[in-house]
Novice: 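I'd like to ask you about the structure that follows.
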Amino acid sequence: MEECISVFDMLKIGVGPSSSHTLGPWRAAERFLKELRELSILEQINRVKVDLYGSLSLTGKGHATDLAVMLGLSGQDPEYIPIENISGIIKTIETKNEIVLGNQLTIPFYFLQDIVFNKDFLPFHANGLKFTAYKKDDSQYESTFYSIGGGFVVKEERTNAQNNMAIKCAFPFMIDNGDDLLKYAIEENKNISEIVYENEKSMRTEEEIHSELMRIWNTMLECMYIGCHSEGILPGGLNVRRRAFDMHQNLIGLSNYNNPQSWLEEIRKTEVKFRQILKWVSCFALAVNEVNASLGRVVTAPTNGSAGVIPAVLMYYLVIENHKAGEKEIKQFLMVAGEIGSLFKQGSTISAAMGGCQAEIGVSSSMAAAALCELMGGTPAQVLMAAEIAMEHHLGLTCDPIGGLVQIPCIERNTMGAIKAINAAELALETDSKNAKVPLDKVINTMWQTAKDMNSKYKETSEGGLAVAVNMSDC
């Protein structure tokens with residue numbers, strides 16, 4: 001394979017509501033600016049036009065693709081921009097009809113004219129976007145990008161393929177599939193997380209790995225905290241009422257806390273009967289994806305639309321299964337999850353525009369199941385089995401967001417993915433891996449075949465399924 005995929009590629013901090021339709025186009029705009037600077041032509045630009053194609057066009061409004069492009073062209077970073085500044089920046093562009101390109105050059109920008117929604121698809125990928133920069137001498141520069149899911153952006157010519165190969169060769173354990181991963185774990189007598197850690201250390205110091213993994217977890221924790229303490233109606237026109245707030249209030253009562261960590265400790269004191277566990281896991285997942293739907297900061301895991309599954313399952317382990325768990329277990333969980341996600345990216349897809357929702361919720365559930373299984377004492381073979389079980393029961397899941405918004409059925413689907421992940425981990429732990437009938441690599445390949453066979457109506461176009469059965473007016 002030509003990709004070297006780090007845990008930090010699979011778990012990226014960004015802004016909602018979509019990794020492929022928001023974060024990807026935002027990163028593409030950043031890369032376009034970089035090209036203009038490298039060519040030393042940015043100061044010569046007097047107009048920029050953006051053409052959106054395929055799924056980016058069909059559901060771009062609901063996914064805030066146009067807003068993401070404007071923010072990216074403005075030189076804002078999705079990982080660090082204060083969320084409260086977003087609306088002000090967009091309003092300024094729309095009212096002044098100008099944009100500060102790369103945060104350094106003010107040019108006219110009429111967003112209704114300069115962002116063009118083209119319903120036709122480019123042949124390389126369903127999520128295409130083309131930037132055209134017009135220069136003062138009447139010449140122009142064009143650059144086309146493809147948002148392939150999970151915030152990953154590529155160009156058709158794949159000019160960075162050689163760089164990826166070079167980086168991958170630095171890995172002590174070169175992993176293209178589940179068989180490779182299991183082979184190394186057995187040969188080295190290591191857990192999967194330990195194999196992943198050795199690979200990560202070839203690119204970063206141990207201090208950097210620790211710091212970044214904990215920053216990812218703290219972002220997840222803060223996201224759950226914000227979602228559980230925010231009420232009201234989600235933006236977009238569907239009038240979806242936030243549910244995590246009320247569910248959380250009913251579960252936690254009058255507990256006393258003042259920050260995300262003390263909140264976590266208070267949850268550990270609550271009742272943990274089966275129904276309460278189901279509600280807590282669902283509450284955590286709802287909270288994240290309600291934040292995502294309101295252009296909040298989340299961790300793509302592996303996408304924004306499926307961002308709630310992994311935090312919900314990890315939180316379940318911390319507050320229900322193991323009250324003594326801390327940073328060690330958190331890092332272990334995230335490394336296993338990231339590695340499983342990379343297998344799906346290499347062998348199939350993590351883009352709903354290519355594979356439907358099986359590529360998002362299915363993959364995130366598989367990632368979470370594997371990670372939980374290792375924390376619960378599963379062998380490497382059982383960990384891969386957990387990943388396989390979770391995906392096997394998401395095969396064929398369509399992506400049909402009503403109104404093109406990452407709300408219905410997307411938010412609830414995260415609760416389903418989280419519960420399935422826990423169930424898959426438990427099934428794997430109770431099974432002798434020697435008796436497994438379906439290897440993980442087989443289900444990854446089956447998912448890709450299913451994706452290719454799936455009608456395009458069910459691939460994040462809002463042209464089939466619930467997206468047409470339920471109209472905006474019904475809501």
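None of these values were measured; they are calculated from a predicted model. Along the sequence shown, residues carry numbers from 1.
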Novice: Can you find a heavy atom in the side chain of V288 that is under 4.5 Å from one in the side chain of C223?
Specialist: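 They are in contact (side-chain heavy atoms under 4.5 Å apart), so the answer is yes.
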Novice: Hey, is NZ on K201 packed in by over 12 heavy atoms from elsewhere, all under 6.0 Å?
Specialist: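 Yes - once you tally the heavy atoms of other residues, nucleotides and ligands closer than 6.0 Å, there are more than 12.
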Novice: Hey, what do you get for CD (Q407) to CG (N239), rounding to the nearest 0.5 Å?
Specialist: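 Those atoms lie 9.5 Å apart.
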Novice: Between R413 and D400 (salt bridge meaning N to carboxylate O under 4.0 Å), is one present in this structure?
Specialist: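 Answer for the salt bridge query: yes.
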Novice: Hey, mind stepping through E426 and L429 against side chain to side chain contact (heavy atoms under 4.5 Å, CB included) and telling me if it holds?
Specialist: CA-CA 5 Å; E426 292 292 352; L429 288 167; 4.1 Å; yes
Novice: Take S193 and E374 through the side chain to side chain donor-acceptor pair (under 3.5 Å) test and state the conclusion after the steps.
Specialist: CA-CA 8 Å; S193 59; E374 178 168 306; 2.4 Å; yes
Novice: Tell me if a side-chain donor or acceptor on H63 pairs with a main-chain N or O of L56 at a distance below 3.5 Å.
Specialist: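 The answer is no, because no donor-acceptor pair under 3.5 Å joins these two groups.
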Novice: Mind checking whether M214 and I330 have side chains closer than 4.5 Å, heavy atoms only?
Specialist: yes
Novice: Tell me if a side-chain donor or acceptor on R297 pairs with a main-chain N or O of E79 at a distance below 3.5 Å.
Specialist: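 Flag set: sc R297 to bb E79 pair under 3.5 Å.
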Novice: Between the side chain of S351 and the main-chain N/O of A353, is any donor-acceptor distance below 3.5 Å?
Specialist: yes
Novice: Main chain of G149, side chain of S20: is a donor-acceptor contact present, judged purely on distance under 3.5 Å?
Specialist: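 Checking the backbone N and O of G149 against the side chain of S20, no donor-acceptor pair under 3.5 Å is found.
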Novice: Would you call E460 and S18 a side-chain contact if the rule is heavy atoms closer than 4.5 Å?
Specialist: yes
Novice: Using the six-membered ring wherever Trp is involved, compare the ring planes of Y257 and Y225 and label them parallel, tilted or perpendicular (cut-offs 30° and 60°).
Specialist: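 Rings of Y257 and Y225: perpendicular, as their planes differ by over 60°.
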Novice: How about NZ on K34, more than 12 heavy atoms from neighbouring residues, nucleotides or ligands closer than 6.0 Å, or not?
Specialist: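 Open.
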Novice: Distance-only, no hydrogens or angles: does the S294 side chain make a donor-acceptor pair with backbone N or O of V291 under 3.5 Å?
Specialist: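 Yes, S294 side chain to V291 backbone: donor-acceptor pair under 3.5 Å.
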Novice: Rounded at 0.5 Å granularity, tell me how far CG in L251 sits from NZ in K279.
Specialist: 6.5 Å
Novice: Does a side chain donor of either S6 or E200 reach within less than 3.5 Å of an acceptor in the other side chain?
Specialist: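 The answer is yes; a qualifying pair exists.
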Novice: For a 4.5 angstrom cut-off between non-hydrogen side-chain atoms, does L295 reach I83?
Specialist: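 No, their side chains stay 4.5 Å or more apart.
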Novice: Ignoring hydrogens, what is the shortest heavy-atom contact between S462 and P401? Give both atom names and the distance.
Specialist: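 Heavy atoms of S462 and P401 come nearest at OG-O, 2.7 Å.
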Novice: Please check this pair: side chain of K420 against backbone of G417, looking for a donor-acceptor N/O pair closer than 3.5 Å.
Specialist: no
Novice: Nearest 0.5 Å, please: how far is CG in L384 from CD in E339?
Specialist: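 Result: 9.5 Å between the selected atoms.
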Novice: Looking at R268 and L318, would you say the former's side chain and the latter's main chain have a donor-acceptor pair under 3.5 Å?
Specialist: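 Yes; at least one donor-acceptor contact below 3.5 Å.
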Novice: When rounded to the nearest 0.5 angstrom, what is the spacing between CG in L58 and OG1 in T461?
Specialist: 6.0 Å
Novice: If you compare all heavy atoms of E266 against all heavy atoms of S255, which two are closest, and at what distance to 0.1 Å?
Specialist: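 Heavy atoms of E266 and S255 come nearest at OE1-CB, 3.5 Å.
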Novice: More than 12 heavy atoms of other residues, nucleotides or ligands under 6.0 Å from CG of N189: is that the case?
Specialist: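 Not more than 12 within 6.0 Å, no.
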Novice: Which heavy atom in A293 sits nearest to a heavy atom in P235, and how many Å separate them?
Specialist: O-CG, 3.8 Å
Novice: Using 0.5 Å steps for rounding, measure from the CD1 atom of I422 to the CG atom of L427.
Specialist: 12.0 Å
Novice: Any side-chain heavy atom of S55 within less than 4.5 Å of one from H21?
Specialist: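 They are in contact (side-chain heavy atoms under 4.5 Å apart), so the answer is yes.
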Novice: Distance check, rounded to the nearest 0.5 Å: R242 atom CZ versus L234 atom CG?
Specialist: 5.0 Å
Novice: So which heavy atom on V363 is nearest to which on A359, and how close?
Specialist: CG2-O, 3.3 Å
Novice: Taking all heavy atoms of H229 and all of F245, pick out the closest pair and write down the distance.
Specialist: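 Taking H229 first and F245 second, the nearest heavy atoms are C-CD1, 3.7 Å.
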Novice: Can you list the residues that meet the side-chain hydrogen bond (donor to acceptor under 3.5 Å, both in side chains) rule with D180, with sequence neighbours excluded?
Specialist: none
Novice: With distance as the sole test, does N289 use its side chain to make a donor-acceptor pair with the main-chain N or O of G305 at under 3.5 Å?
Specialist: yes
Novice: Apply side chain to side chain contact (heavy atoms under 4.5 Å, CB included) to N414 and S306, showing your working.
Specialist: CA-CA 6 Å; N414 278 263; S306 61; 4.3 Å; yes
Novice: Does any N or O in the side chain of K190 come within less than 3.5 Å of the main-chain N or O of Y184, such that one atom is a donor and the other an acceptor?
Specialist: no
Novice: Just by distance, with hydrogens left out, do S230 and E290 show a side-chain donor and acceptor under 3.5 Å apart?
Specialist: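 There is no such pair between these side chains.
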Novice: Residues in side-chain hydrogen bond (donor to acceptor under 3.5 Å, both in side chains) with N259, at least two apart?
Specialist: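 Scan of N259 (side-chain hydrogen bond (donor to acceptor under 3.5 Å, both in side chains), adjacent residues dropped) gives S262.
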Novice: Can you name the nearest heavy-atom pair linking L334 to L11, along with the distance?
Specialist: O-CD1, 3.7 Å
Novice: Take atom CG of N256 as the centre, draw a 6.0 Å sphere, and report whether it contains more than 12 heavy atoms from other residues, nucleotides or ligands.
Specialist: no
Novice: Under a 4.0 Å threshold between the charged nitrogen and the carboxylate oxygen, would R243 count as salt-bridged to E412?
Specialist: yes
Novice: One thing to verify: whether R241 and D246 come together as a salt bridge, which I'm taking to mean a side-chain N less than 4.0 angstrom from a carboxylate O.
Specialist: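 Yes.
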Novice: Tell me, do W280 and V272 make a side-chain contact under 4.5 Å, heavy atoms counted?
Specialist: no
Novice: Within the structure provided, determine whether M391 and F344 are in side-chain contact (heavy-atom separation under 4.5 Å).
Specialist: yes
Novice: What I'd like to find out is whether the side chain of W217 reaches to under 4.5 Å of the side chain of M315, using heavy atoms alone.
Specialist: yes
Novice: Considering residues, nucleotides and ligands other than E187, do more than 12 of their heavy atoms fall under 6.0 Å from its CD?
Specialist: yes
Novice: Are the side chain of W26 and the backbone N or O of Q76 linked by a donor-acceptor pair below 3.5 Å?
Specialist: yes
Novice: Under the salt bridge (charged side-chain N to carboxylate O under 4.0 Å, His left out) rule, what pairs show up with a residue in residues 311-337, not counting sequence neighbours?
Specialist: none
